[in-house]
Structures are given as C-alpha cells and as structure tokens.
Amino acid sequence: MRRAQHSGGRLAIFFTDLDNFKLVNETLGHQAGDELLTQAANRICHAVRASDRVVRLGSDEFTVVLEHIGSNRDIARVADSIIQILSELFTLTAGAVNWVSASIGISVYPNDGHDADALLKHADVAMYAAKTEGKARHHFYHPKHSDAILLRLSKERAIRHAMDSDEFVIHYQPRVATFTGYFCSL
C-alpha cells in the first residue's frame, strides 16, 4: 500500500473462497482437502504475476494482492483467470474432483479503503455478494453490499430475539375445496 500510495498507483485485493470445498472434506476426507488446497494455491500462483502475492488466510480462503494494476477490466481478467483455473478438474489421490469452483471479492486501493483492514473487509463483503449471485464469479466491492449484509444481520438478530422471546404467533389457514366449499385440511 505504501508503494501504491507513494507512486499514486492502485492495487487490488482479492478475497477468494473455494465453493463447495466442504464437500471434499466430508466425502473424501481431510487429507484430500489438504491436497486440494495445495493444488489450488499452486494454480492461483500460476494465474498471477510473480510480483503479485498469494496468501492462504485459513480454511479454504486465499487472498491475492495485485500491485501495479491498470483498469478494472484488467483486474477482472485476472479474477476470471483464477476462477477458470480453479473450476478445472482436480486430480487427487482419493479421486478426481470437479465440483469445486471459486468466488472472488475484489476491493481496490484507494477507492475502497486506505488501510489493509478496510480493503480486506470490503473484499470479503464483495466475495459474499459473488456467492449470493450464484458462485464461481467475481464481484467488485460496492458500499451497497455492506448495507445489504448489515440489513441481513439485523433481520437475523430480530428473528433470534423473537424466537427467544416467544413472539411468534401461528395462524392456521384452512384449505377449502373449490367445488364443494368443504374444508380439506388445515
């Protein structure tokens, strides 16, 4: 970030999550999951320039830092390349896996934040937006994504509170046969 700030340039942060990775661990075991993560990391490294950084944050999440970037179109091309290469068949000791893909959230310095925490948080929010839209895609951060997540969390909190406080009321709607007018069921 200091280099980008000093040169007046931009950098992009990718928050990459492997779609359906949990299925690998559940069906083929954790050893197969570890093997897939190693292959995924190698594929991501080959999809970016040697000067770019690839870091595994934990579980099935990777962060990519692209320095000296041009337009958003250039950034999107790199993201699409990563998505494509991670969608290809993984050959594991336990068997071949072709149901893994990647969702990528992208934040760009300085537009989406001026420190690492903000950029990583915004890339994470954008990644959830990509997953919401159907997985195996990338999404650039937009403030409306943060608002949507906060609204969803607020609704979840309200539902939990209503459940804990026994505030739900059940109403039964009878079903009536159209031709006879008699009740069929509740």
Side-chain angles (χ1 to χ4, degrees), residues 1-22 24-25 33-92 97-150 152-153:
M1 285 183 56
R2 275 187 243 118
R3 285 191 296 269
Q5 187 177 25
H6 180 67
S7 69
R10 300 170 54 198
L11 68 88
I13 304 284
F14 288 7
F15 195 99
T16 306
D17 185 77
L18 299 180
D19 302 323
N20 305 318
F21 174 75
K22 187 176 177 184
V24 175
N25 280 339
D34 291 345
E35 189 178 355
L36 188 138
L37 288 172
T38 301
Q39 289 184 28
N42 288 330
R43 289 182 185 189
I44 294 170
C45 287
H46 284 94
V48 298
R49 302 168 298 190
S51 62
D52 297 324
R53 305 282 188 261
V54 178
V55 179
R56 180 173 166 235
L57 290 180
S59 184
D60 62 335
E61 299 169 340
F62 294 88
T63 299
V64 177
V65 180
L66 304 176
E67 291 188 68
H68 310 291
I69 55 163
S71 68
N72 283 358
R73 189 175 304 139
D74 296 332
I75 297 168
R77 263 193 291 268
V78 175
D80 289 337
S81 174
I82 292 171
I83 292 167
Q84 175 60 42
I85 201 164
L86 290 176
S87 297
E88 294 173 4
L89 182 71
F90 283 90
T91 304
L92 308 174
V97 174
N98 66 352
W99 62 78
V100 175
S101 58
S103 295
I104 300 176
I106 304 168
S107 64
V108 179
Y109 172 85
N111 306 32
D112 301 325
H114 295 282
D115 62 62
D117 289 336
L119 289 171
L120 193 57
K121 179 180 126 185
H122 291 158
D124 189 18
V125 166
M127 185 271 301
Y128 278 104
K131 281 191 175 291
T132 300
E133 289 183 5
K135 300 181 180 180
R137 63 189 66 226
H138 72 271
H139 210 291
F140 283 89
Y141 173 75
H142 189 280
K144 70 179 180 184
H145 299 134
S146 293
D147 296 341
I149 287 176
L150 289 174
R152 189 185 84 221
L153 291 174

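The figures here come from the full heavy-atom set of this structure, side chains too, leaving out hydrogens, waters and symmetry mates.
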J.: Mind running side chain to side chain contact (heavy atoms under 4.5 Å, CB included) on Arg10 and Asn72 for me, showing each step along the way?
T.: CA-CA 10 Å; Arg10 300 170 54 198; Asn72 283 358; 2.6 Å; yes
J.: Does the side chain of His122 come within less than 4.5 Å of Val108's, by heavy atoms?
T.: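 Answer no - side chains too far apart.
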J.: I'd like to check Phe90 versus Glu88 (side-chain heavy atoms, cut-off strictly below 4.5 Å). Are they in contact?
T.: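 Sidechains of Glu88 and Phe90: no contact.
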J.: Got a second to check how far Thr91's OG1 is from Gln39's CD, nearest 0.5 Å?
T.: 6.5 Å
J.: What are the two closest heavy atoms between His138 and Ala130, and how far apart are they?
T.: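 Residues His138 and Ala130, closest heavy atoms: C-CB, 4.2 Å.
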J.: Side chain to side chain contact (heavy atoms under 4.5 Å, CB included) with Asp60: which of Thr16, Leu37, Val100?
T.: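 Running side chain to side chain contact (heavy atoms under 4.5 Å, CB included) over Thr16, Leu37, Val100 with Asp60 returns exactly one hit, Leu37.
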J.: Any salt bridge (Lys or Arg N to Asp or Glu O under 4.0 Å) pairs touching residues 68-81, not counting sequence neighbours?
T.: Asp74-Arg77
J.: Atom CG of Leu57 and atom OG1 of Thr63: how far apart are they, to the nearest 0.5 Å?
T.: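 Between Leu57 CG and Thr63 OG1, I get 3.0 Å after rounding to 0.5 Å.
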J.: Taking atom OG of Ser107 and atom CG of Asp124, what is their separation to the nearest 0.5 Å?
T.: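 Rounded to the nearest 0.5 Å, the OG-CG separation comes to 10.0 Å.
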J.: Does Val78 reach the side chain of Phe14, with side-chain heavy atoms less than 4.5 Å apart?
T.: yes
J.: Hey, could you give me the CG/OG distance between Leu86 and Ser103, rounded to the nearest 0.5 Å?
T.: 10.5 Å
J.: Checking side chain to side chain contact (heavy atoms under 4.5 Å, CB included) for the pair Leu89/Val97: CA distance, chi angles, key distance, verdict?
T.: CA-CA 6 Å; Leu89 182 71; Val97 174; 5.7 Å; no
J.: Kindly give the heavy-atom pair with the smallest separation between Ala102 and Ile83, and that separation in Å.
T.: O-CG1, 3.8 Å
J.: Would you please name every residue forming a side-chain contact (heavy atoms from CB on, under 4.5 Å) with His68, sequence neighbours left out?
T.: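 For His68, no residue satisfies side-chain contact (heavy atoms from CB on, under 4.5 Å) once neighbours in sequence are set aside.
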J.: Please assess His139 against Met127 for the test side chain to side chain contact (heavy atoms under 4.5 Å, CB included), listing each intermediate value before the final yes or no.
T.: CA-CA 6 Å; His139 210 291; Met127 185 271 301; over 6 Å; no
J.: Name the residue from Asp17, Val55, Leu18 that meets the side chain to side chain contact (heavy atoms under 4.5 Å, CB included) definition with Phe62.
T.: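 Single pass found, and it is Leu18.
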J.: Do Leu119 and Asp115 have side-chain heavy atoms sitting under 4.5 Å apart?
T.: no
J.: Begin from the C-alpha positions of Leu36 and Asn25 and carry the test side chain to side chain contact (heavy atoms under 4.5 Å, CB included) through to its verdict.
T.: CA-CA 10 Å; Leu36 188 138; Asn25 280 339; over 6 Å; no
J.: Where do Ser101 and Asp19 land on the side chain to side chain donor-acceptor pair (under 3.5 Å) test, with the steps shown first?
T.: CA-CA 5 Å; Ser101 58; Asp19 302 323; 2.9 Å; yes
J.: So do Val125 and His142 actually touch side chain to side chain, heavy atoms under 4.5 Å?
T.: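 Contact flag for His142/Val125 side chains = no.
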J.: Fit a plane to each ring of Tyr109 and His114, take the angle between them on a 0 to 90° scale, and name the class: parallel (under 30°), tilted (30 to 60°) or perpendicular (over 60°).
T.: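 If you compare the ring of Tyr109 with that of His114, the planes turn out perpendicular.
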J.: Can you give me the closest heavy-atom contact between Ala47 and Ile85, atom names plus distance?
T.: CB-CG2, 4.4 Å
J.: Please round to the nearest 0.5 Å and tell me the distance separating atom OG1 of Thr132 and atom CZ of Arg137.
T.: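 One finds 10.5 Å between OG1 of Thr132 and CZ of Arg137.
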J.: Going by an N to O cut-off under 4.0 Å, is there a salt bridge joining Arg49 and Asp52?
T.: yes
J.: Does some side-chain heavy atom of Ile13 sit less than 4.5 Å from a side-chain heavy atom of Ile106?
T.: no
